[in-house]
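Everything on this sheet refers to the single structure shown next.
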Amino acid sequence: MTSEITALPLVQLGRNGPLIGAQGLGCMGMSEFYGDTDELESRATLEHALALGVTMFDTADMYGLGANEEFLAPFIAAHRERVIIATKFGYARTPETPDDWSIDNSPEFIRAAVDRSLKRLGVETIDLYYMHRRIDAVPLEESIGAMADLVRAGKVKWLGLSAVSAAELRAAHEIHPIAALQSEWSIFTRDIEKDVVPAAAELGVTIVPYSPLGRGMLTGREFAGTLTGDDARRHFPRFAAENRQANMRLVATIEQMAGERGITPAQLALAWLYAQSNRLNIKTVPIPGTRRRSRLAENVAAVSIRLTAEDMDILEPLAAAVQGDAV
Ligand SMILES: NC(=O)c1ccc[n+]([C@@H]2O[C@H](COP(=O)([O-])OP(=O)(O)OC[C@H]3O[C@@H](n4cnc5c(N)ncnc54)[C@H](OP(=O)(O)O)[C@@H]3O)[C@@H](O)[C@H]2O)c1
């Protein structure tokens with residue numbers, strides 16, 4: 001199951017967007033949050049992902065306080081026609097204010113943020129521009145209106161939202177078509193299935209599941225023990241000592257199932273997402289994050305792994321049994 005394949009099936013971004021590879025690459029960990037990174041290996045990972053048919057590369061202005069966008073710039077420049085670059089605005093933290101986790105959705109902030117991202121990415125147009133988080137303080141009309149202005153100005157091609165409710169998605173879509181909605185979705189985190197996924201399906205919005213491997217937890221029981229130093233996950237409730245035992249029992253189920261099927265737990269986690277998307281009739285492009293070439297073929301191959309109804313039944317109760325919030 002881990003043999004190299006060179007092309008992914010294609011999925012349309014929104015109703016009018018381009019066809020993109022059915023799996024994207026999360027680039028956040030290449031710059032921040034997940035412990036030490038190896039820049040050369042991360043660069044090689046970007047190239048290898050593209051060679052395997054991954055076309056959407058996910059970043060945000062706040063990852064590495066701008067460093068992640070800058071890191072991606074040479075890669076994008078080398079492959080501008082093939083790469084769909086997705087970035088996000090919303091968190092106020094900057095190199096000068098790294099601990100300011102407040103959120104700003106005001107038109108002034110959006111106008112300044114997009115120019116900073118364009119400069120760091122070294123592009124004239126951002127393909128997919130997400131509102132990273134929404135706060136009620138700014139009316140949706142104002143934020144989406146400002147984002148729509150960016151489309152008209154040619155600074156952005158398609159609009160996205162992250163972690164919003166179904167009602168917010170519908171209201172935003174009325175103001176300007178929303179191409180993609182990025183939210184956490186995995187075997188362990190399924191909150192969006194009830195309302196958000198049906199709304200997205202109805203509106204033709206592509207769902208981009210983030211942390212599809214549960215931030216690494218779904219890749220096996222050994223994973224949590226490998227977190228060292230300043231890895232942010234050591235402070236996340238799901239990885240905390242008081243929840244670890246219960247959660248590792250659930251991961252053991254995943255490991256056992258994967259072993260019996262001759263696939264890896266990461267592949268099972270991704271194959272579950274594709275199967276669940278199929279069931280819910282939603283277009284989906286998960287963005288597993290990795291900084292290593294060695295994981296890519298494995299993750300990409302999950303697109304072709306078919307789970308049975310019985311497999312899905314075994315995995316069904318796990319999310320409700322998970323202990324602790326994701327972050
Ligand atoms: N919109 C939002 O609010 C939001 C929030 C969080 C994340 N995101 C985006 O979503 C992307 C993915 O989420 P994530 O990075 O949080 O979590 P994830 O994709 O669920 O898991 C990433 C972790 O899994 C490991 N991994 C990847 N493939 C593996 C494999 N085949 N076997 C074993 N381990 C594997 C990675 O380690 P290595 O790097 O060492 O391979 C990394 O530690 C991020 O990069 C970011 O772009 C968005």
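One-based numbering, in listed order, for ligands and for the atoms of each. In this chain, numbering begins with 1 at the start of the sequence shown.
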Check: Is there a side-chain contact between Thr189 and Asp191, using heavy atoms and a 4.5 Å cut-off?
Finding: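 They are in side-chain contact.
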
Checklist line | Where at least one partner belongs to residues 206-222, residue pairs that pass side chain to side chain donor-acceptor pair (under 3.5 Å), sequence neighbours excluded | finding: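 Qualifying pairs, neighbours excluded: Arg133-Tyr210, Glu184-Arg215, Arg221-Glu255.
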
Check: Which pairs count as side chain to side chain donor-acceptor pair (under 3.5 Å) when at least one residue sits in residues 19-35, sequence neighbours excluded?
Finding: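 Those involving residues 19-35 are Gln23-Tyr274, Ser31-Asn68, Glu32-Arg93.
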
Check: Looking at CD of Gln323 and CZ of Arg238, how far apart are the two atoms once the value is rounded to the nearest 0.5 Å?
Finding: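 Taking CD in Gln323 and CZ in Arg238, the distance rounds to 10.0 Å.
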
Note to self: I'd like to know if Phe75 and Leu128 are part of one continuous hydrophobic network [Ile/Leu/Val/Met/Phe/Trp/Tyr, side-chain heavy atoms within less than 4.5 Å].
What the structure shows: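 Different clusters.
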
Margin query: Among residues at least two apart in sequence or on other chains, which ones pass ring pair (Phe, Tyr, Trp, His ring centres under 6.0 Å) with Phe89?
Written below: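 For Phe89, the residues satisfying ring pair (Phe, Tyr, Trp, His ring centres under 6.0 Å) (neighbours in sequence not counted) are Tyr129.
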
Notebook entry, point to check: Exactly which residues line ligand 1, taking a heavy atom under 4.0 Å from it as the test?
Noted result: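 Only Gly26, Cys27, Met28, Tyr34, Asp58, Tyr63, Lys88, His132, Arg133, Ser162, Gln182, Tyr210, Ser211, Pro212, Leu213, Gly214, Arg215, Gly216, Thr219, Phe223, Arg233, Ala266, Ile287, Pro288, Gly289, Thr290, Arg291, Arg292, Arg295, Glu298, Asn299 have heavy atoms that fall under 4.0 Å of ligand 1, ordered by chain and number.
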
